[in-house]
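Report on one structure; see the data block that follows.
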Amino acid sequence: MSNPYGAPPPFPNQPLPDVYQQHAPGMPQQPAPQLPATPRTLATAAIWLAVALTVAEVATAVVSYPSGQASNDVATSSVIDDSTMLWLIAGMIVSLGTVILMIPVYVIGCLWLQHSYEFALALRPTYRMRRSVVWVWLGWWVPIVSLWFPLQVVDDVRKATARDEPRPSLAMWWLAWLVALWAGQISGRVFASEEVLSHDALVVVAILDALVAVATVFGCIKWISIIRGITRDQDTARG
């Protein structure tokens, strides 16, 4: 049975009279939340840096075997031809460039995520984040918890900003990140295991580097989609 004392239904496109929008006596008027600016510049920078790192990982896979063979030739031969030297230099440049790129990718990505975390809390102060904002920065490095803390942080930021509207799962993005991370670590250990690697070891390193490249490409596509989706939800929340 309907409540005879409730607000009457409004006509189409007609708001309720003010009397029905007032708070109960003694209840303070709740101001609209003051939302911070959308971190659009950081979002754009995070996307382009992720793309740059992905290109570097693909380049690493391309030069993996020939640069490894060149490294063997340098260690075992007193005569180095131009081709060997070029592959050796290419491998060193790509490896160094990849390591250097990881620094701004991490810093800018975490800055964007921190601003988005703060935006989500300003939008929904009562939303329960599973991890505090400090894990935006530490979650990627602390052993054991790095396997799931960053995923929870990104997932909570996205859900809070989207106001619990359904969004695609983050599982495939996170799986790609873990595959790239583990394959890269194994590749590095195999490469550093001996001064001169066997043919089979070089092939294993090349396969692992190719796996890193594929996982990074897939993960980058997903990461760009995540950043753009959160940015759209932030713009929607700001009106």
**Item:** For A160 against A120, the heavy-atom pair lying closest together
**Value:** CB-CB, 3.8 Å
**Asked** Taking side chain as C-beta onward, heavy atoms only, is M92 less than 4.5 Å from W87?
**Response** no
**Asked** How many angstroms lie between CG in D81 and CG in D73, if you round to the nearest 0.5 Å?
**Response** 7.5 Å
**Prompt:** Where the side chain of T231 meets the backbone of I227, is there a donor-acceptor pair that is under 3.5 Å apart?
**Reply:** yes
**W141 ring center near Y106 ring center (under 6.0 Å)** = yes
**Message:** Can you tell me how far apart CG (L123) and CZ (R238) are? Round to the nearest 0.5 Å.
**Reply:** 11.0 Å
**Prompt:** Looking at residues at least two apart in the chain, or sitting in another chain, which of them share a salt bridge (charged side-chain N to carboxylate O under 4.0 Å, His left out) with K159?
**Reply:** D155
**Message:** What verdict does the side-chain hydrogen bond (donor to acceptor under 3.5 Å, both in side chains) test give for S116 and Q234, after you've listed the backbone C-alpha separation in whole Å, the side-chain angles of each residue and the deciding distance to 0.1 Å?
**Reply:** CA-CA 8 Å; S116 297; Q234 291 168 341; 3.1 Å; yes
**Message:** So if I apply the ring pair (Phe, Tyr, Trp, His ring centres under 6.0 Å) rule between W112 and each of W137, W223, Y117, which one comes out positive?
**Reply:** W223
**Message:** salt bridge (Lys or Arg N to Asp or Glu O under 4.0 Å) for R167 and D233? Distances and angles first, verdict last.
**Reply:** CA-CA 11 Å; R167 293 292 184 270; D233 289 334; 2.7 Å; yes
**Message:** I need the L49 CG to M102 CE distance, nearest 0.5 Å.
**Reply:** 13.0 Å
**Message:** Do L151 and W173 make a side-chain contact, defined as non-hydrogen atoms from C-beta onward lying under 4.5 Å apart?
**Reply:** yes
**Straight-line distance of M129 CE to D156 CG, nearest 0.5 Å** = 6.0 Å
**Message:** I'd like to know if the side chain of T98 reaches the main chain of V94, judged simply by a donor and an acceptor atom lying under 3.5 Å from each other, with no hydrogens or angles considered.
**Reply:** yes
**Message:** Restricting to salt bridge (charged side-chain N to carboxylate O under 4.0 Å, His left out), what partner residues turn up for R124, sequence neighbours left out?
**Reply:** D164
**Non-hydrogen atoms of G91 and V63 that approach each other most closely** = CA-CG2, 4.1 Å
**Asked** Can you tell me if S71 uses its side chain to pair, donor with acceptor, with the backbone of S67 under 3.5 Å?
**Response** no
**Message:** Please say yes or no: joined through hydrophobic side-chain contacts below 4.5 Å, possibly via intermediate residues, are L170 and M172 part of one cluster?
**Reply:** no
**Message:** Restricting to non-hydrogen atoms, name the atom on A183 and the atom on L211 that form the minimum distance, rounded to 0.1 Å.
**Reply:** CB-CD2, 4.0 Å
**Request:** Report yes if some heavy atom in the side chain of L202 is under 4.5 Å from a heavy atom in the side chain of N72; otherwise report no.
**Result:** yes
**Message:** Ignoring hydrogens, what is the shortest heavy-atom contact between P36 and F119? Give both atom names and the distance.
**Reply:** O-CE1, 3.2 Å
**Request:** Determine whether W48 and I226 fall in the same hydrophobic cluster, where Ile, Leu, Val, Met, Phe, Trp and Tyr are linked whenever their side-chain heavy atoms lie under 4.5 Å apart.
**Result:** no
**Prompt:** Any idea which heavy atoms bring G109 and A46 closest together, and the distance?
**Reply:** CA-CB, 4.4 Å
**Asked** Tell me, do E118 and L121 make a side-chain contact under 4.5 Å, heavy atoms counted?
**Response** no
**Request:** Step by step, work out the side-chain hydrogen bond (donor to acceptor under 3.5 Å, both in side chains) result for D209 and T60.
**Result:** CA-CA 7 Å; D209 288 343; T60 298; over 6 Å; no
**Request:** Please identify each residue that fulfils ring-ring contact (aromatic ring centres under 6.0 Å, His included) with Y127, with sequence neighbours left out.
**Result:** none
**Message:** To the nearest 0.5 Å, what is the distance between CG on L101 and OG1 on T54?
**Reply:** 10.0 Å
**Request:** Calculate, to the nearest 0.5 Å, the distance between atoms CD and OG1 belonging to E195 and T76 respectively.
**Result:** 9.5 Å
**Asked** Is any side-chain heavy atom of S64 closer than 4.5 Å to a side-chain heavy atom of F191?
**Response** no
**Prompt:** Do the side chains of I80 and L88 get nearer than 4.5 Å, heavy atoms only?
**Reply:** no
**Prompt:** Under a 4.5 Å side-chain heavy-atom rule over Ile, Leu, Val, Met, Phe, Trp and Tyr, are V107 and L53 clustered together?
**Reply:** yes
**ring pair (Phe, Tyr, Trp, His ring centres under 6.0 Å), paired with W140, selected from F149, W135, W177** = W177
**Asked** Is T38 reaching over with its side chain to a backbone N or O of R40, donor-acceptor style, under 3.5 angstrom?
**Response** no
**Asked** Any donor and acceptor pair, going by atom type alone, linking the side chain of S146 with main-chain N or O of P143 inside 3.5 Å?
**Response** no
**Message:** With clusters defined by side-chain heavy atoms of hydrophobic residues (ILVMFWY) lying less than 4.5 Å apart, directly or transitively, does V157 cluster with V145?
**Reply:** yes
**Message:** Do I100 and V58 land in one hydrophobic cluster if side-chain heavy atoms of ILVMFWY residues count as linked below 4.5 Å?
**Reply:** no
**Request:** Locate the shortest heavy-atom distance separating V105 from A50; write the atom from each residue and the value.
**Result:** CG2-N, 4.4 Å
